[in-house]
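Here, residue 1 is the first one in the sequence, and each next residue gets the next number. First listed ligand is number 1; within each ligand, the first listed atom is number 1.
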Amino acid sequence: MSAKKIQSIAVLTSGGDAPGMNCAIRAVVRTSVSQGIKVFGIQRGYSGLLNDEIHEMDARSVGNIIQRGGTILQTSRCPEFHEKEARRKAVEILKKRNIDALIVIGGNGSFAGAYTLFQEHQFPVIGIPGTIDNDVFGSDYTIGFDTAVQTAMEAVDKVRDTAASHKRNFFVEVMGRKSEAIALHVGVCSGAEFIVFPHKGIDYEKIHQNLKRGIDSGKQASIVIVQEGEKPGKSYEISETLYEKYGLKSHVCILGHTQRGGKPTAIDRFIASKMGFDSIHALMEGNYPSVSTFCSGKVTMKPFEDCVGVRDPYDQPYGDLAKELSI
Ligand code: ADP
């Protein structure tokens with residue numbers, strides 16, 4: 001907790017973009033303006049901060065963006081920010097512009113960078129979880145996840161049309177290099193026969209049994225959701241191995257970056273708006289460094305130290321749920 005009166009703030013987006021980031025930016029900017037706080041936008045995340053790509057924003061700067069995916073502030077990955085000297089320079093730039101606090105919208109990596117700014121320089125920071133992976137430590141939800149799941153689910157629905165028309169099995173690969181969350185939710189919502197997490201090992205016999213069970217019970221088509229894994233394309237290998245081992249033919253569809261873009265859903269717009277609004281009020285109340293989290297169904301501010309780390313594996317038993325409901 002600190003008592004410093006916040007008169008001027010800056011906001012940036014960092015790491016992977018996520019639908020709904022614009023809603024959070026809009027809420028941060030408009031709440032600041034309403035409360036008489038000067039507000040600056042930083043382009044391209046920490047890279048733009050180090051390059052002094054900072055501009056003042058007003059209520060009109062964020063007009064007509066609530067429905068747009070991506071981030072108007074753009075984003076980046078900035079390896080330099082891992083270095084102490086870069087962070088010293090960042091704080092110097094912020095102070096030179098009389099900016100009193102920084103709001104970072106991003107994932108675990110971006111939060112680690114923000115919290116280090118506070119630890120090393122006592123610079124006031126607030127985090128807003130924004131990533132399609134829903135894997136931010138300390139928050140049950142991250143902005144962008146619902147939209148990504150919705151996009152992937154709609155794509156699977158379309159794949160199902162052609163799968164049923166041709167009596168085909170499909171492997172649909174969804175995003176989530178380190179997070180199982182998208183695969184699990186899309187698996188349940190699209191009625192998938194099976195979900196594969198390549199990093200946990202691939203049980204070909206089990207996949208075969210599930211697909212065969214569907215065929216034997218008169219199914220016209222089956223869908224298997226595959227978590228992307230270390231790099232996209234693992235589904236081709238799975239499909240080929242299944243053919244070699246069991247003579248079972250299947251097709252592959254990799255959804256890729258389509259899942260990152262698009263109009264944010266109402267859930268993402270609502271949560272992002274509340275998180276942005278609460279972040280400014282937290283700064284005004286001296287409640288920093290902190291993170292605007294979503295916990296037990298509510299947007300709640302939490303101390304930053306409770307939100308840096310690696311989240312436990314996504315342990316929802318949704319794989320079994322998808323499997324049982326797809327008989
Ligand atoms: P995300 O925020 O979506 O998890 P990244 O892990 O790529 O995305 O992190 C985004 C950026 O945050 C990095 O490019 C880097 O600039 C900064 N960052 C990540 N980890 C740290 C760290 N431990 N210390 C300082 N900055 C970090």
Side-chain angles (χ1 to χ4, degrees), residues 10-22 24-25 28 42-54 69-71 73-94 102-148 175-182 228 230-232 257 259-261 264 268 271-272 275 279 289-294 304-314:
V11 56
L12 61 79
T13 48
S14 166
D17 65 303
M21 280 182 161
N22 279 330
I25 295 167
V28 162
I42 300 173
Q43 292 300 132
R44 298 193 309 112
Y46 294 125
S47 304
L49 171 55
L50 293 174
N51 222 15
D52 200 19
E53 293 170 39
I54 302 176
T71 155
L73 291 177
Q74 301 178 300
T75 183
S76 70
R77 297 210 157 80
C78 175
E80 214 185 327
F81 211 70
H82 286 266
E83 290 158 27
K84 207 169 175 171
E85 173 53 24
R87 297 190 295 268
R88 190 202 58 74
K89 185 179 163 194
V91 169
E92 189 182 288
I93 289 170
L94 290 165
L102 176 67
I103 296 187
V104 171
I105 306 170
N108 287 315
S110 306
F111 279 16
Y115 193 50
T116 315
L117 279 189
F118 176 78
Q119 287 177 307
E120 290 172 352
H121 303 277
Q122 289 72 55
F123 197 83
V125 289
I126 296 266
I128 297 181
T131 158
I132 63 167
D133 286 336
N134 200 21
D135 64 348
V136 164
F137 187 75
S139 183
D140 295 345
Y141 188 76
T142 61
I143 297 166
F145 177 64
D146 188 58
T147 307
M175 272 190 154
R177 204 159 53 87
K178 292 190 198 139
S179 164
E180 298 175 1
I182 294 179
E228 156 181 275
E230 270 315 303
K231 57 178 186 194
H257 283 83
Q259 296 157 94
R260 284 260 282 267
D268 277 325
I271 293 176
M275 284 180 167
S279 297
S290 54
V291 172
S292 183
T293 66
F294 187 81
F304 216 124
E305 63 184 3
D306 295 351
C307 300
V308 277
V310 179
R311 186 155 142 181
D312 288 341
Y314 202 85

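Ring planes of F304 and F111: perpendicular class, angle over 60° (limits at 30 and 60°).
Judged by distance alone, with hydrogens and angles left aside, the side-chain atoms of Q259 form a donor-acceptor pair with the main-chain N or O of M175 at under 3.5 Å.
Protein neighbours of ligand 1 below 4.0 Å, counting non-hydrogen atoms: S14, G15, G16, Y46, R77, C78, F81, H82, R87, G107, N108, G109, S110, A112, G113.
Every residue meeting the salt bridge (charged side-chain N to carboxylate O under 4.0 Å, His left out) condition with R88, not counting sequence neighbours, appears here in chain and number order: E85, E92. D306 is linked by a salt bridge (charged side-chain N to carboxylate O under 4.0 Å, His left out) to nothing, counting only residues two or more places apart in sequence or in another chain.
Defined by atom type and a distance below 3.5 Å, a donor-acceptor pair is present between the side-chain atoms of S14 and S110.
Residue pairs satisfying the side chain to side chain donor-acceptor pair (under 3.5 Å) criterion with at least one member in residues 74-83, sequence neighbours excluded, are listed as follows: Q43-Q74, S47-S76.
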